[in-house]
Amino acid sequence: MPQPKYITDIGKISRIPEEQREKLKKITEKFVFRVNEYYLNLIDWDDPHDPIRKLVIPNEGELEEYGRWDASDEDTNYVVKGCQHKYSSTALLIVSEVCGAYCRYCFRKRLFRNDVKEATSDIEPGLQYIANHPEISNVLLTGGDSLILATPKLRAILHRLREIEHVKIIRLGSKIPVFNPMRIYEDEELLETIREFSDANKRIYVMAHINHPREITPEAVRGFQALHDAGAIVVNQTPVLRGINDDPEVLGELLDRLSWAGVTPYYFFINRPVAGNNDFVLPLARVYDIVEKAKARTSGLGKRVRLSMSHTSGKIEILAIENGKAYLKYHQSRDGNYGKFMMLDCPDDASWFDDLPGSERYWKKPAKRTKEVVSVNELPDVPRKRERRAEVPS
């Protein structure tokens, strides 16, 4: 199967009525648009509420006043250009600002602004930092999408990381397994690269991003199998999103189909309060109820998933929400509060940790550690006119 064609001009998608295309163009001036023909073919164009459509086609709610560009203050996690170090054992290398398509709810929409440059082709400072910090045992390549990188580029990064003895796990953050699975199973050089750098003692994990069971096509399953055969371990994480997967039956089917395909359900996330994301927001209590009902429909393998908020202060696991109370625990903590249990009032309309009365007692906003990274929350709301940029980093 040939590689799908990519589309960055919403005006060229003829299945959208022309009048609507003109309205959506205004949104793409603020929030970049990109999709491919394979993924567009998963959309039921006769259904105005189709979840696959909502994942990648702009919506007018993106222009509503809501949230911040960097809702989790990732600018404070950078230690050098292109490298974040928030939790002791894990470092992030931001290796790409391009994805197979752009999810409309993306928590890193800021990366696709023309006036923001957090991804870098020069990862040498990040590699040096990781090499000098033996507490870092696992490194996540993300962005953007790590599997959008040309295979020789990706191989060079993996080679350098495998030269650092204390890096045991390399994670590849990617939605390519469902955006463009052919990129995986048709690229023997990529699969050989994974075989070379993933073995019984030091694994490569693919952190897949599958939001809806309809994304798990025969092509996607073939891609999972190719990754498994190459020695990678595939896990999945997804936010719970209004209008896309906020249904116990849909989420339960997702958990089942992931488990059947050998993909570990890893995280369900609360949607971050990011600019443009208002249409996808759900109250915390509603998300908890949906997730528990979904887990009740699946096996113990599907029940391994955790419901979490990626907050500025850490990953906060939602243990339960009952009778107006939220029972929470730090599953990861920037400030060493791992395991800290919290019981807070949970108003019916609370949709984020900061909405819970008293939550401010448990954390304080961190300071930036490097001036090399722009704090996008301090930039104008609308990016300056974008210049033409390369489609795919090489």
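Quick note: residue numbers are just sequence positions, from 1. All values derive from a computational prediction rather than experimental measurement.
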If you take all heavy atoms of [X] and [Y], which pair is closest and at what distance?
{"X": "Pro152", "Y": "Glu189", "answer": "CG-OE2, 3.8 Å"}
{"X": "Pro265", "Y": "Ser259", "answer": "CG-OG, 4.0 Å"}
{"X": "Cys346", "Y": "Leu284", "answer": "SG-CB, 4.4 Å"}
{"X": "Ile210", "Y": "Thr238", "answer": "O-CB, 3.3 Å"}
{"X": "Leu147", "Y": "Arg183", "answer": "O-NE, 2.7 Å"}
{"X": "His85", "Y": "Ile136", "answer": "NE2-CG1, 3.7 Å"}

Is the [X] to [Y] ring centre distance short of 6.0 Å?
{"X": "His228", "Y": "Phe224", "result": "no"}
{"X": "Trp69", "Y": "Phe31", "result": "yes"}
{"X": "Tyr39", "Y": "Phe179", "result": "yes"}

Side-chain donor-acceptor contact under 3.5 Å, [X] with [Y]:
{"X": "Asn180", "Y": "Lys175", "value": "no"}
{"X": "Ser333", "Y": "Lys340", "value": "no"}
{"X": "Asp187", "Y": "Thr151", "value": "yes"}
{"X": "Asp354", "Y": "His311", "value": "yes"}

[atom1] ([X]) with more than 12 external heavy atoms under 6.0 Å:
{"X": "Lys368", "atom1": "NZ", "result": "yes"}
{"X": "Glu65", "atom1": "CD", "result": "no"}
{"X": "Asn132", "atom1": "CG", "result": "yes"}

Original post:
Parallel, tilted or perpendicular: which fits the ring planes of Phe353 and Tyr330, with parallel below 30° and perpendicular above 60°?
Top reply: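 If you compare the ring of Phe353 with that of Tyr330, the planes turn out perpendicular.
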Subject >> Mutual orientation of the aromatic rings belonging to Phe269 and Tyr267 [parallel < 30°, tilted 30-60°, perpendicular > 60°] >> reply: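 Tilted: the ring planes of Phe269 and Tyr267 meet at 30° to 60°.
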Hey, does the Lys NZ or Arg CZ of [X] hover above the aromatic six-ring of [Y], less than 6.0 Å from the centre and inside 45° of the axis?
{"X": "Arg34", "Y": "Tyr6", "result": "yes"}
{"X": "Arg222", "Y": "Tyr185", "result": "yes"}
{"X": "Arg171", "Y": "Tyr205", "result": "no"}

Original post:
Stepwise, does the salt bridge (charged side-chain N to carboxylate O under 4.0 Å, His left out) test hold for Asp381 with Lys30?
Top reply: CA-CA 9 Å; Asp381 184 50; Lys30 180 174 181 178; 2.7 Å; yes
Original post:
Judged by atom type as modelled, is there a donor-acceptor pair below 3.5 Å linking the side chain of Arg214 to the main-chain atoms of Leu42?
Top reply: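 Such a contact is found between Arg214 side chain and Leu42 backbone.
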Original post:
Same cluster or not: are Val374 and Phe107 linked, directly or through other Ile, Leu, Val, Met, Phe, Trp or Tyr residues, by side-chain heavy atoms under 4.5 angstrom apart?
Top reply: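 Val374 does not cluster with Phe107.
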**OP:** Report whether Ile321 and Met343 are members of the same hydrophobic cluster (ILVMFWY, side-chain heavy atoms less than 4.5 Å apart, transitive linking).
**Re:**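 Not linked; separate clusters.
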**OP:** Apply salt bridge (charged side-chain N to carboxylate O under 4.0 Å, His left out) to Arg68 and Asp73, showing your working.
**Re:** CA-CA 9 Å; Arg68 299 186 298 147; Asp73 300 297; 3.0 Å; yes
